[in-house]
Amino acid sequence: MRTLQGSVERMGSVMLIGRVEEQAAIDRLLMDARSGRSGALVVRGEAGIGKSALLDYAAEAADDEIRVLRGAGFEPEMELPFAGLHLLLHGALDGIGRLPDGQAGALRGALGMGRASGGDRFLAGLAVLTLLADLAEQRPLLCLVDDAQWLDHASAEALLFAARRLEAEGVVIIFAAREDEHAFPAVGVPDLHLSGLDTECAAELLTKHAGDLAPQACARLLEEAQGNPLALLELPTLLTRAQCAGESPIRAIGIGSGPAPGRVHRAFRDHITRLPKGVQTVLLVAAADDTGDLDVVLGAARKLGADLADIDAAEAAGLIHLGDGRIRFRHPLVRAAAYHVASLMRRLAVHRALAQTLAGRPGDVDRWAWHLSTAATGPDEETAAALERSAEHARTRGGHAAVAAACERAAQLSPDPRDRGRRLTAAAAAAAEAGLYARAADLADRAASEVTDPMALAFLARTRAMVAMAHGHAQIAHTLLAQAAETVIEQAEDVAIMLYFEALTPAWIGSDYTALTQTAARVSQLRVPTAGRLWPLTRALAGMGGLAAEEPPTGLAWLRDLIEGLRDRSEPMELQERARLAIWDLVIGDDMVAYERAAAIERECRAQGAIGLLPLALVLVARSQMFLGLHRDALASAKEGLRIARDTDQGHYAALLIGVMTYLAAIEGDEERCQALAEEIAGVRDAATGGMRCVSLNLLDLALGRPEAALHRAEEFGAFGPAARTVMVMHRMPDLVEAAVRAGRNDFAAAASERVQIWAAQTPMPWAGAVALRCRALLAPDEEAERYFEQALRLHLRGGRLFERARTELLYGEWLRRLRRRADACRQLRSAMEIFERLGSRPWADRARAELRAAGERQIMEGHVPAGALDRLTPQELQIIRMAARGMSNRDIAAQLFLSPRTIGYHLYKAYPKLGVASRAELATLDLGENGRLLD
């Protein structure tokens, strides 16, 4: 038999035959890093195809100019939170002390280096980004992560969060991942796919590696290897001398027609089984351990009869490398082979030895618990309890997937069915929080068969409803919550009423108005005392049921009372609860209050590093800014929120933010962008996103002179169905009134106006009353219309939606021009045109300009008002400039915007020339308007 020794020497260089394009892609990344630019890449392909060799090439090509950090994933450690991240960063942990306090605490807690502190699970990703950027300040940095498909969820999430934010740090992250059923999801990071070598390159590789093979042996191996480089290197080791010389047929050794990686794996297994027992032991211990720590491996190996000499022998055999006190396998398949070649009893013994070695070591509590549980062969409450404690530790570190795994394994080891049900319920909830909805559904189903307590079932129903909503099954979610309320109503009426209230949201999103009215009717049967603490919630439920039943929306006032009552209670609310309540501020219609509260929540999210909650906060901020006429700020908020929502896999908020961007494009009259954005959310079925999409397209049609198209779409969407009894009435119905009047459909216009009047009466905001009066003016005879227009303008002047004021002035000016009152008309039209220009509403400004010409105005500025200095900035530059002008350092701005300090400096460098300044000191002298324009 041949040995594996020869294949170790220069293996990386040999295996890269035929990879010129792939090497060039890596060279470009490294060249960019040397120039201060960053990048990330996922190298994908089957086992043995050359991914690890490309990582080796990248490490060699980095030379001494670029610092290299290496890590890898390992399947048995997928449930250990941040295990992969710890392996990658173990040589750079001294840099944590230079991070901002919140980030430093999050990363120390994540890596088990200190007391775990609660917080947003994405804060560890921000800490990783800052740490890598700090390391690159000294020299460019290259991070290599092999077998990324086996990374634990928390490590993968943190590393990808950082990778998607790399811009100007001089950092490169390259992941290597298999293309199989265990795919490594890396949305937003470019892929490089490796396929098998062509026949010519495969023959060259085989000849260089095993040049003494007979031609018929070469032909047979080329056929069997299917272009897989590692197979070409390792399959010759299975041949006898006679087969190599062509004296014996190769089929005699049983090389089958299975995939090459399987045969390569078998080659490693065969080689390992021929090694002495002690060498096999240290290989198995190193494979079972996730740290590569030589002290840990040696400590456990000694308990099993091996010693340092066996580690030396394993290195001499070319299977592992030693360096910096750590063990690294020469290829991930070697590690897998070393683990799986051992018998079950042998693996159990190794995990017990590792648990004994790790017992009592600071920072190794989680690893100890997992090795202990892996060694368990039956129910064991002590081990189950240890895993449950590990789950709580993982929860404070943001490792929701790890919580699910630990609780699930603890449930498997639980002798008591009640403990089993409780732990499965906790596992299901954690899996849902981690976005692992299929797993959450399975765990919830298993928990349901173990749980009997009504309160526990109610908690489980919340998780199952979350899963249903994630899959778009709003009706199922409503039913689960409503049924759960029924099961606990005798035991805990307050919990039942809260469950009923929660059940309204999926019913509303799913447009199940029958369910809404039935739920409200059921709660009304409870006869809750009007002086009790549950009365405001019960009354709000009744009001929302009334909206669904198309009754006058008195529920809006009741909802306002409920929200203010909850805010005024003595117990402080958590940030997430405050954010959920802030959603209803926009329903009430006080845009400024909604903006102030949303902005306060946004600031707190940034201060706490609550990245997961930030998309919701930015939805609220962007929509408030949009209504206030701060369109440029709204676009900046929406774009940032969209990026974070996609990073954190929050598709619902991503869709809402795209809806805001769609509406802003409609206001500007940018038909191409508006249509493209609308198409992105065309498949989203929730009422809020669908309503914003419809409103945006209607507004675009109205602006471009297509009122019939707007009416047709509105009728398809259900213009006068129950969906019209939502907050969107004040946002979409005035458009339909105008469109119907222009299309000569006065009956439709009157019906739409009636809805506006009802809602405006319940919204004590001046802008709402003004819009309602404008709608009445459009339908009134001439002798009454002027009174309505004038009353509307007086309300507009009290503040509120500036875009709506300009529209009222435009319509009033058009009405005055038709009556040949040209001077009065020009006054209204000129004001409308100036507002539209300031808001960037080009088609509306053009319409006002055309009316001015028709009214005889001669001094009309042609074209558009020149853009202000800040209008030349990108939305991200705008945010950074404002923060810098307030005296914030690059590091402080980076912490708030979830970028690196070097990226902040890069954007400032690009922004200065656009503003005509040369330094931060000059920037501080500028007066930056809150509406996104420069006030000189």
Which pair of heavy atoms, one from [X] and one from [Y], lies closest together, and at what distance?
| X | Y | answer |
| --- | --- | --- |
| A162 | V128 | CB-CG1, 4.1 Å |
| A355 | W368 | O-CD1, 3.1 Å |
| L197 | A202 | CB-N, 4.0 Å |
| L88 | L144 | CD1-O, 3.8 Å |
| F184 | R44 | O-NH2, 2.6 Å |
| V189 | R164 | CG2-CG, 4.2 Å |

N-O pairing of [X] and [Y] below 4.0 Å:
| X | Y | value |
| --- | --- | --- |
| R891 | D134 | yes |
| D56 | R70 | yes |
| R139 | E65 | no |

Would you check if [X] and [Y] make a side-chain contact, meaning some heavy-atom pair closer than 4.5 Å?
| X | Y | result |
| --- | --- | --- |
| K208 | L232 | no |
| I174 | L142 | yes |
| T281 | D310 | no |
| F268 | L230 | yes |
| L54 | L194 | yes |
| V42 | L192 | no |
| I904 | M883 | no |
| H86 | R367 | yes |

Donor-acceptor pair, side chain of [X] and main chain of [Y], under 3.5 angstrom:
| X | Y | value |
| --- | --- | --- |
| S155 | L151 | no |
| D152 | G84 | yes |
| R37 | D32 | no |
| H90 | L87 | yes |
| D198 | E200 | yes |
| T903 | L899 | no |
| Q280 | L275 | yes |
| E169 | S38 | no |
| E315 | L322 | yes |
| K51 | G45 | yes |

Legend entry - Q356 vs K303, side-chain contact (heavy atoms from CB on, under 4.5 Å): CA-CA, chis, key distance, verdict: CA-CA 9 Å; Q356 292 167 7; K303 296 180 187 300; 3.5 Å; yes
Inset, instruction - Using the six-membered ring wherever Trp is involved, compare the ring planes of H351 and Y339 and label them parallel, tilted or perpendicular (cut-offs 30° and 60°). - result: perpendicular
First locate atom [atom1] of [X], then atom [atom2] of [Y], and finally report the distance between them rounded to the nearest 0.5 Å.
| X | Y | atom1 | atom2 | answer |
| --- | --- | --- | --- | --- |
| L141 | L135 | CG | CG | 5.5 Å |
| R67 | C143 | CZ | SG | 9.0 Å |
| I49 | N228 | CD1 | CG | 4.5 Å |
| R902 | L132 | CZ | CG | 12.0 Å |
| I173 | L160 | CD1 | CG | 8.5 Å |
| L41 | F175 | CG | CZ | 10.0 Å |

Legend entry - Evaluation steps, side chain to side chain donor-acceptor pair (under 3.5 Å), between S900 and E167: CA-CA 8 Å; S900 76; E167 289 188 51; over 6 Å; no
Inset, instruction - Sequence neighbours left out, what passes side chain to side chain donor-acceptor pair (under 3.5 Å) with R643? Give chain and number order. - result: none
Legend entry - Verdict with supporting geometry, R34 and D27, salt bridge (charged side-chain N to carboxylate O under 4.0 Å, His left out): CA-CA 11 Å; R34 293 183 178 99; D27 289 340; over 6 Å; no
Legend entry - No-hydrogen, no-angle side-chain donor-acceptor test under 3.5 Å, S889 and D892: yes
Legend entry - CA sep, side-chain torsions, deciding dist, call: L126, F161, side-chain contact (heavy atoms from CB on, under 4.5 Å): CA-CA 7 Å; L126 177 59; F161 185 91; 4.2 Å; yes
Inset, instruction - Take V282 and L304 through the side-chain contact (heavy atoms from CB on, under 4.5 Å) test and state the conclusion after the steps. - result: CA-CA 9 Å; V282 297; L304 299 169; over 6 Å; no
Legend entry - V285 and V296: CA distance, side-chain angles, deciding distance, side-chain contact (heavy atoms from CB on, under 4.5 Å) verdict: CA-CA 9 Å; V285 173; V296 173; over 6 Å; no
